[in-house]
Amino acid sequence: MSEPPLHIPKSHPRYESLMIREKLIRGFREGYVAVAGLIAHGRGECFDYLIGERTIEPAERAIEAAAAALLLAKHPVISVNGNVAALVPEDVVRLAEASGALIEVNLFYRTEERVRKIADVLRRCGAKTVLGVDDATATIPELESERRRVSPRGILVADVVLVPLEDGDRTEALRKLGKTVIAVDLNPLSRTARAASITIVDNVVRAMPKLVNAVERLKGKPVEALKQLLEGFDNNSNLQECVKHVLRRLDELARSKLTLSF
Ligand code: ATP
Ligand code: MG
């Protein structure tokens, strides 16, 4: 625990990726990122390599649909866990402001201390209200984990829930309650990705700023135009396109020179 923070030179070829890891390690040391969150990040990085570490076209379309869903929602909620608080706290606050969504802390490995620390991170970024701290008094059925505990003003009554980095079980439980679930998940094959209503297959650090921009851009559009955008989106074919993207990319890579020259 006493290791000093890593100094990463800007010239490092994997600077961006190492900086992201650093943010998670810092969050872990500060006590609000779970050990399992570090493992989950590694899983995400693997899929990011396969995707090519950029926002692919199907993800751009999922972001548009997600923005429309948030703007059409009566009661949108952004669910925040440790990794999200470590990686994109400013974007969570900006998105809440742009879309009118409420912010709720919701943890798989819930401890009151972690919840409070995450709420503090969000408040330091300008969040005015953070649900799920003292008011996680309601429960959603079909879940064993601590994540069944939700705020009666937030996830319990939400019609649209954005769950960047979510677990499959919980996504399913929220869908069974009739909610529209928007997930951000680099793994197009995860249960989360397959159970969500709209899955953005992208890194949360790229997807969240783009989602904020999409909400700001679509905000003045007529309701009918937003509904059309949403109705024109099909999550199954979008996920298929993401998998096809990886297939094509791997096929191209398999024919090219992979070793580095020095
Ligand atoms: P599931 O329960 O959905 O089948 P899982 O058990 O593999 O999946 P969880 O730990 O429940 O995964 O959720 C973490 C998910 O988040 C993983 O699918 C992982 O690929 C993804 N992920 C991790 N880091 C990022 C990131 N920075 N951006 C987007 N997705 C990420
Ligand atoms: Mg899981």
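The figures here come from the full heavy-atom set of this structure, side chains too, leaving out hydrogens, waters and symmetry mates. These figures come from a predicted structure and were not determined experimentally. One is the number of the first residue; the rest follow in order along the sequence. Indexing begins at 1, ligand by ligand and atom by atom, following the structure's order.
- A heavy-atom separation below 4.0 Å is not found between D169 and ligand 1.
- Atom NZ of K74 is surrounded by 12 or fewer heavy atoms from other residues, nucleotides or ligands within 6.0 Å.
- The number of heavy-atom neighbours closer than 6.0 Å to CZ of R194, taken from other residues, nucleotides and ligands shown, is 12 or below.
- For ligand 1 and N187, the ligand atoms under 4.0 Å from any heavy atom of the residue are 18 (O), 20 (O).
- Salt-bridge formation is detected for the pair D120/R123: a Lys NZ or Arg NE/NH1/NH2 atom is positioned less than 4.0 Å from an Asp or Glu carboxylate oxygen.
- Ligand 1 has no atom lying under 4.0 Å from any heavy atom of E45.
- L229 CG to E224 CD: the interatomic distance, rounded to the nearest 0.5 Å, is 12.0 Å.
- Looking at ligand 1, you'll find an N or O of V204 within less than 3.5 Å of one of its N or O atoms.
- For a distance bound of 2.8 Å, the N, O or S atoms of D169 include none lying that close to the Mg ion (ligand 2).
- At a 4.0 Å heavy-atom cut-off, ligand 1 touches D202 through the backbone alone.
- Atoms of ligand 1 lying under 4.0 Å from at least one heavy atom of L165, given by number and element, are 22 (N), 25 (C), 26 (C), 28 (N), 29 (C), 30 (N), 31 (C).
- Taking NZ of K244 as the start and CG of L247 as the end, the distance is 9.5 Å to the nearest 0.5 Å.
- Short contacts between ligand 1 and T192, defined as distances under 4.0 Å to a heavy atom of the residue, involve ligand atoms 1 (P), 3 (O).
- Residue A40 holds the heavy atom nearest to atom 14 (C) of ligand 1 of all those in P188, A207, S190, A40.
- Residue G168 approaches ligand 1 through these ligand atoms, each under 4.0 Å from one of its heavy atoms: 1 (P), 2 (O), 3 (O).
- In this structure, Q228 places its CD atom where only 12 or fewer heavy-atom neighbours from other residues, nucleotides or ligands lie under 6.0 Å away.
- The residue among N81, D185, L186 with a heavy atom at the shortest distance from atom 19 (C) of ligand 1 is D185.
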Q: Evaluate the salt bridge (Lys or Arg N to Asp or Glu O under 4.0 Å) criterion for residues K210 and E64: first the C-alpha distance (whole Å), next the side-chain angles of each, then the deciding distance (0.1 Å), finally the verdict.
A: CA-CA 9 Å; K210 281 177 183 274; E64 292 276 312; over 6 Å; no

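- Distances below 4.0 Å separate heavy atoms of R191 from the following atoms of ligand 1: 1 (P), 3 (O), 4 (O).
- D167 has its closest N, O or S atom to the Mg ion (ligand 2) at the position named OD1.
- For the side-chain contact (heavy atoms from CB on, under 4.5 Å) with I20, the qualifying choice from V205, V204, I25 is V205, the only one to do so.
- Inspection of the R191 and T171 side chains reveals no N or O donor paired with an N or O acceptor under 3.5 Å.
- Residue nearest to atom 20 (O) of ligand 1, selected from G44, A193, G37: G44 (by heavy-atom distance).
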